[in-house]
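Have a look at the structure below, then the notes.
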Amino acid sequence: MSESNQTTSQHFIRSIVDADQESNKHGGRVHTRFPPEPNGYLHIGHAKSICLNFGLAQDYNGGLCNLRFDDTNPTKEEIEYVESIKEDIKWLGFDWDERLYFASDYFDELYDYAIKLIQKGKAYVDDLSADDIRAHRGSLTTPGKNSPNRERSAEENLDLFERMRAGEFKEGSRVLRAKIDMASPNINLRDPVLYRILHAEHHRTGDKWCIYPTYDFAHGQSDSIEGITHSICTLEFEAHRPLYDWFLDELDIHHPQQIEFARLNLNYTVLSKRKLITLVEEGHVSGWDDPRMPTISGIRRRGYTPDAIRNFCDRIGVAKANSTIDIALLDHTIREDLNARTPRVMAVLRPLKVVIENFPEDKIEEFEVDYFRHDPERSEMRTVPLTREVYIERDDFMEEPVKKFFRLAPGREVRLMNACLITCTDVIKDENSGDVLELRCTYDPDSIGGQAPDGRKVKGTLHWVSAPHAIQAEVRLYDHLFNKEDPYDVAEGQDFTINLNPSSLEILEDCLLEPSLKDAKPGERFQFMRQGYFAIDPVDSSPEKLVFNRTVTLRDTWAKIQKKG
RNA sequence: UGGGGCGUGGUGCAAUGGUAGCACACCGGACUUUGAAUCCGUUGAUCCUGGUUCGAGUCCAGGCGCCCCGGCCA
């Protein structure tokens, strides 16, 4: 596992585990699990849970973390999702070794547990319809009413439950319920459903079962069966804990300790499988791995590194207060990582032609430039050619420069990075539209290398590519998926998709890259100098047509100055 | 009108009852062949009201605000 030299943060769960270690609560064991339902792709919110559970196990000597799929609902779960989830966890850098489990592995035990409860008089088969059960449940402020079937004998319940299992009844006609307390102020204790009839094929057990345990009945017992010591879950299950405790106590089996923490929220995006699946199904994005998606597969395709994600998860902390992380922290974390590891290259996204008039027609000046000039520890050279015709970024020229703009303008001298100083002598424009078509410049032959011998300074340094050497490529620029901090902030009757950012994807077809990028391979990442970090798109890029994704921009002080006007 | 949680700078997370700290963001400066990176610095917080205490973010009481729970979803 790759190691970050970062100290992991102390948080309340760690304090609990520390205390348990001290008191030898679980015989000194720390055994956690990450329990996803295979009904969608993992997103960065899951990464928080993965880092927490696997990280905790790593941090305590001999600790273990299982991967267990909570697959108790065959109508929603698919094998495609289990494969993607496994891949994502591995990519993040975690390993469950041989401890890959499924709640469906425990269907036999769970069935036996149900039998045991029936025999103890603690569970009963109810013939009420779903609507009637709801009606009997009462409200938040008023107690519920007992089902007329509540006092059936154990024998009758056993018979009925066995016949449910045998497939004698149709879906929805009967359920098995716990017999707890219909007047409990905690609604989860008002005789919750344990088993329901679902005539559906399960992705692992096939047609062996037509009754399936509910999540509530399966989750805690699955943890118990696996010998989990600390069952870490999100806040919404806090009110379920008394129910899980009740099961474990009635069944008299190993009792893990459940600890709840606040799930991750990020502004300018949504982190809910339900919403993400909507974006995919309604075609607002190209798929689960669309680089704008907060899914692990999406951000991986976009060029994020697992180290950056793990650092991010470490920095956001773990607590019980609901909170929303500023996506700027994610941006910062990935920049920090990519800044350290990526080679620097030049790429012109929106080209503007420049003719250096005093540069000999057929001359090629070659420069040996270090990919890692920013890093004193590394050095690796490539050749960058300069010719009479080059391209610069359109944004790097202003015919009438505003204050504080210190790039190229008529009569102004700037540096072509790593190459020489040029001065703009003329602007060629389209006669009709007035658009700038090309620039005429002269260079100072004594400035080869980028410094003037007389020591004069220039304020601007531009990236550029030699026109005859340039490689054409497609570059995809991404912005926030939503243009509102809180995408759910909508007017009455509106859907969250109204807040989708129409400019979240901008495709630039005619970008020009320095020739060294010719053999760039999927998975490779670069800093396009002065612009941002870019990664080869693993899906659409090919040697014939390179496609880059912008992972994140560089911090841009100039953009801020412009914004302020 | 029940039950369970949670309230610390703009954001997130810390702080054995003892100087409220860290990160991001923000603002300013230095440096610069990336308006990047790096370095330095500035602003800025304990939900409210009482109480206990030499001393309260922390303990107590009462308020206020926010989140979760009435699926045969997880």
Side-chain angles (χ1 to χ4, degrees), chain A residues 9-11 35-37 39 70 72-73 75-77 126 128-130 133-135 137-144 171-177 183-190 192-198 211-212 214-216 218-219 233-242 260 262 265 267 273-274 315-333 335-336 339-340 344 346 369 373-375 404-407 414-419 421 449-451 457-463 485 527-532 553-562:
Chain A
S9 54
Q10 179 69 23
H11 49 69
E37 184 192 12
N39 68 341
D70 262 322
T72 55
N73 187 346
T75 66
K76 291 192 174 174
E77 295 147 8
D126 199 346
L128 252 29
S129 70
I133 288 181
R134 190 179 314 119
R137 191 144 34 217
S139 77
L140 293 177
T141 52
T142 59
E171 222 164 280
S173 61
R174 274 172 237 263
V175 291
L176 183 73
R177 290 229 258 168
S184 172
N186 180 346
I187 290 180
N188 299 118
L189 263 21
R190 317 240 262 231
V193 172
L194 271 31
Y195 267 89
R196 71 288 213 191
I197 300 170
L198 253 24
I211 56 170
Y212 291 92
T214 56
Y215 172 87
D216 275 347
H219 192 82
C233 65
T234 43
L235 255 27
E236 66 269 27
F237 294 106
E238 207 154 15
H240 294 241
R241 178 153 34 94
E260 308 85 8
N265 295 293
N267 57 14
K273 273 195 217 169
R274 184 84 217 102
R315 283 183 198 204
I316 58 180
V318 179
K320 294 197 69 159
N322 287 313
S323 61
T324 302
I325 305 288
D326 190 340
I327 199 155
L329 180 61
L330 220 209
D331 290 345
H332 173 263
T333 312
R335 277 193 197 109
E336 178 183 60
N339 174 53
R344 312 288 134 124
M346 294 195 289
V369 182
R373 195 179 54 192
H374 62 286
D375 184 352
K404 290 185 182 169
F405 180 85
F406 48 80
R407 280 116 91 144
V414 297
R415 175 165 34 238
L416 292 184
M417 195 182 290
N418 304 312
L421 304 182
Q451 301 276 22
K457 301 281 186 196
V458 293
K459 276 192 286 185
T461 299
L462 314 186
H463 59 277
E485 258 195 67
Q527 186 199 94
F528 289 178
M529 293 190 86
R530 305 207 303 133
Q531 307 198 89
T553 63
L554 247 32
R555 284 186 67 226
D556 191 347
T557 306
W558 170 236
K560 260 181 223 167
I561 293 169
Q562 282 178 302

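Only heavy atoms go into these numbers, but all of them, side chains included; no hydrogens, no water, no symmetry mates.
Distance, R415(A) CZ to U32(B) P: 11 Å, rounded to whole Å. One can place CG of L330(A) at 15 Å from P of G12(B), the figure rounded to the nearest angstrom. Atom CZ in R530(A) sits roughly 14 Å away from atom P in A37(B) (whole-Å rounding). Distance K404(A) NZ to G35(B) P: 16 Å, rounded to the nearest Å. W558(A) has its CH2 atom 12 Å from the P atom of G35(B), to the nearest Å. Rounding to whole angstrom units, CG of residue L189(A) and P of G4(B) are separated by 12 Å. Residue I327(A) contributes atom CD1, which lies 22 Å from atom P of G10(B) at whole-angstrom precision.
Across all non-hydrogen atoms, the minimal contact from F406(A) to V414(A) is O-CG1, 4.4 Å. Heavy atoms only, all atoms of each residue included: A239(A) and N188(A) are closest at O-OD1, 3.2 Å. In terms of heavy atoms, T324(A) sits closest to N267(A) at CG2-N, 3.6 Å. Smallest separation of non-hydrogen atoms from P242(A) and N186(A): CG-ND2, 3.7 Å. For the pair T72(A) and A218(A), the tightest heavy-atom approach, listed with the atom from each and the gap, is CG2-CB, 3.6 Å. When all heavy atoms are compared, the tightest approach of Y215(A) to D70(A) is CE1-OD2, 3.6 Å.
Rounded to whole Å, the P atom of C69(B) lies 15 Å from the corresponding atom of A74(B). Rounded to the nearest Å, the gap between the P atom of G41(B) and that of C22(B) is 11 Å. Spacing between A25(B) and G12(B) at atom C1', rounded to whole Å, works out to 11 Å. Nucleotides C13(B) and G2(B) have their P atoms positioned 29 Å apart, rounded to a whole Å. Taking atom C1' on both nucleotides, C6(B) is separated from U58(B) by 16 Å, rounded to a whole Å. Spacing between A37(B) and C60(B) at atom P, rounded to whole Å, works out to 46 Å. Separation of the C1' atoms belonging to C72(B) and G63(B) is 41 Å when rounded to the nearest angstrom. Annotation: C64(B) and U16(B) have their P atoms spaced 30 Å apart (nearest Å).
At a threshold of 4.5 Å between non-hydrogen side-chain atoms, the residues K560(A) and R555(A) count as touching. Residues V175(A) and I133(A) form a side-chain contact, since some pair of their non-hydrogen atoms from C-beta on lies under 4.5 Å apart.
Atom CZ of R344(A) sits about 6.5 Å away from atom CE of M529(A), to the nearest 0.5 Å. Between R196(A) atom CZ and T214(A) atom OG1 the span is 6.0 Å, to the nearest 0.5 Å. Taken from OG1 in T461(A) to CZ in R530(A), the straight-line distance is 7.5 Å, to the nearest 0.5 Å. Note that CD1 of I316(A) and CG of D326(A) are 12.5 Å apart. Values are rounded to the nearest 0.5 Å. Between R415(A) atom CZ and K457(A) atom NZ the span is 8.0 Å, to the nearest 0.5 Å. Note that the OG1 atom of T553(A) and the CD atom of Q531(A) stand 10.5 Å from one another [nearest 0.5 Å].
For N339(A), counting side-chain heavy atoms from C-beta on, the closest listed nucleotide (G5(B), G35(B), A37(B)) is A37(B).
Remark: side-chain polar atoms of K76(A) are not paired, donor with acceptor, to backbone N or O of E37(A) under 3.5 angstrom. Without hydrogens or angle criteria, N265(A) side chain to S323(A) main chain gives a donor-acceptor distance under 3.5 Å. When atom types are taken as modelled, the side chain of R190(A) and the backbone of S184(A) share a donor-acceptor pair closer than 3.5 angstrom. With hydrogens and angles disregarded, no donor-acceptor distance shorter than 3.5 Å links the side chain of N39(A) to the backbone of E77(A).
Within the nucleic acid shown, T557(A) comes within 4.0 Å of sugar-phosphate atoms alone, with no base atom in reach, counting heavy atoms only. Within 4.0 Å (heavy atoms only), Q527(A) reaches at least one base atom of the nucleic acid. Among the atoms of the strands shown, none is found under 4.0 Å from any heavy atom of T75(A). Looking at heavy-atom distances under 4.0 Å, V318(A) makes contact with sugar-phosphate atoms alone, never a base. In this structure, Q451(A) reaches the bases: a heavy-atom distance under 4.0 Å links it to at least one base atom across the strands shown. Within the nucleic acid shown, R407(A) comes within 4.0 Å of at least one base atom, counting heavy atoms only. As judged by a 4.0 angstrom heavy-atom cut-off over every strand, F405(A) is placed among the base-contacting residues.
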Footprint string (nucleotides 65-74 of chain B, 5' to 3'): B base within contact, S backbone only, - free, heavy atoms under 4.0 Å: --SSBBSBSB

Under a 4.0 Å heavy-atom criterion, the protein footprint on nucleotides 20-30 of chain B, written with B, S and -, is ---SS-SSS--

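The glycosidic torsion of G71(B) lies within 90° of 0, placing the base in the syn range.
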Could I get a table of every N or O pair under 3.5 Å where one atom is in the protein and the other is in nucleotides 15-19 of chain B?
none

Please produce a list of atom pairs where a protein N or O lies less than 3.5 Å from an N or O of nucleotides 40-48 of chain B.
none

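The side-chain hydrogen bond (donor to acceptor under 3.5 Å, both in side chains) search around D216(A) returns H240(A), Y244(A), not counting sequence neighbours.
RNA chain B is contacted by both A262(A) and T141(A); T141(A) maps to the nucleotide lying nearer its 5′ end (nearest heavy atom per residue). Residues G317(A) and R344(A) both approach RNA chain B. Their nearest nucleotides, taken by heavy-atom distance, put G317(A) toward the 5′ side.
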5'-to-3' dot-bracket of RNA chain B (Watson-Crick, G-U; under 3.5 angstrom; crossing pairs as [ ]; | other strand): .((((((..((((....[..))))..((((.......)))).....(((((..]....))))))))))).....

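Within the structure, a side-chain polar atom (N or O) of S323(A) is placed less than 4.0 Å from OP1 or OP2 of C13(B).
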